[in-house]
Amino acid sequence: MKAPGIVILLYGLLVLGGGIIGYTASGSMASVIAGGAFGLGLLASGVGVLKGKNMGFIIAPILTVLLTMFFGYRFAQSGEFMPSGLMGVISLVALVLYFALRR
């Protein structure tokens, strides 16, 4: 079960980094707070998946689905691919990989 955990860890790092970049680029405190909270949550659940903990297997897809919906909504509202569309696509890819690699 290493591959799904690695996918979630990488996605968590990307979300965390995106929050930091959002803050440095536009001074958005919401970006750093949301990116930090979701990024750390994904990192923790990724470690849980790697260790075979049930809670990691529950939290990782929930956070990923929430982020996929959020970024999809933001993309639909703004119509701009950067950053919401890109993060929506990355979130969806992470979700599909997570479930595909669990088999």
Side-chain angles (χ1 to χ4, degrees):
M1 279 295 174
K2 281 191 173 188
I6 292 170
V7 168
I8 296 300
L9 284 174
L10 291 175
Y11 179 56
L13 287 172
L14 190 71
V15 170
L16 185 61
I20 293 168
I21 290 170
Y23 177 73
T24 58
S26 64
S28 172
M29 189 59 88
S31 288
V32 77
I33 291 171
F38 275 93
L40 292 175
L42 286 164
L43 289 173
S45 63
V47 169
V49 169
L50 287 174
K51 291 185 174 188
K53 303 290 183 184
N54 286 334
M55 194 58 89
F57 287 103
I58 294 169
I59 299 296
I62 290 172
L63 292 178
T64 307
V65 166
L66 287 173
L67 286 170
T68 303
M69 291 181 350
F70 172 75
F71 287 121
Y73 173 77
R74 291 285 300 264
F75 174 65
Q77 294 291 34
S78 70
E80 297 178 10
F81 186 72
M82 288 298 288
S84 57
L86 178 64
M87 284 304 295
V89 169
I90 291 171
S91 300
L92 186 59
V93 168
L95 189 64
V96 168
L97 283 174
Y98 173 77
F99 283 112
L101 295 173
R102 277 193 62 185
R103 295 182 180 195

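Residue indices begin at 1 and follow the sequence shown.
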Geometric class of the Phe57/Tyr98 ring pair [parallel <30°, tilted 30-60°, perpendicular >60°]: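 If you compare the ring of Tyr98 with that of Phe57, the planes turn out tilted.
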Residues clustered with Tyr23, ILVMFWY side-chain links under 4.5 angstrom: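 In the cluster with Tyr23 are Met29, Val32, Ile33.
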Are [X] and [Y] joined in one hydrophobic group, where the rule is that I, L, V, M, F, W and Y side chains link up if heavy atoms are under 4.5 Å apart?
X     : Y     : result
Leu66 : Met55 : yes
Leu42 : Val96 : no
Ile90 : Ile62 : yes
Tyr73 : Phe75 : no

Please name the pair of heavy atoms, one in [X] and one in [Y], separated by the smallest distance, quoted to 0.1 Å.
X     : Y     : answer
Ile21 : Thr24 : O-OG1, 3.1 Å
Gly56 : Pro61 : O-CD, 4.3 Å
Thr68 : Ser91 : OG1-CB, 3.2 Å
Val15 : Gly39 : CG1-N, 3.8 Å
Val49 : Ala60 : CG2-CB, 4.4 Å

Using a 4.5 Å cut-off on heavy atoms from C-beta on, say whether the side chain of [Y] contacts that of [X].
X     : Y      : answer
Leu67 : Phe38  : yes
Leu97 : Tyr11  : no
Phe71 : Leu92  : no
Lys2  : Leu101 : no
Leu43 : Leu40  : yes

For Leu10, the option from Ile6, Ile8, Val7 that meets side chain to side chain contact (heavy atoms under 4.5 Å, CB included):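 Answer after filtering Ile6, Ile8, Val7: Ile6.
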Rounded distance [0.5 Å steps], CE in Met82 versus CE in Met87: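 These two atoms lie 10.0 Å from each other.
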Spacing of OG1 belonging to Thr64 relative to CG belonging to Leu95, to within rounding of 0.5 Å: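 Taking OG1 in Thr64 and CG in Leu95, the distance rounds to 6.0 Å.
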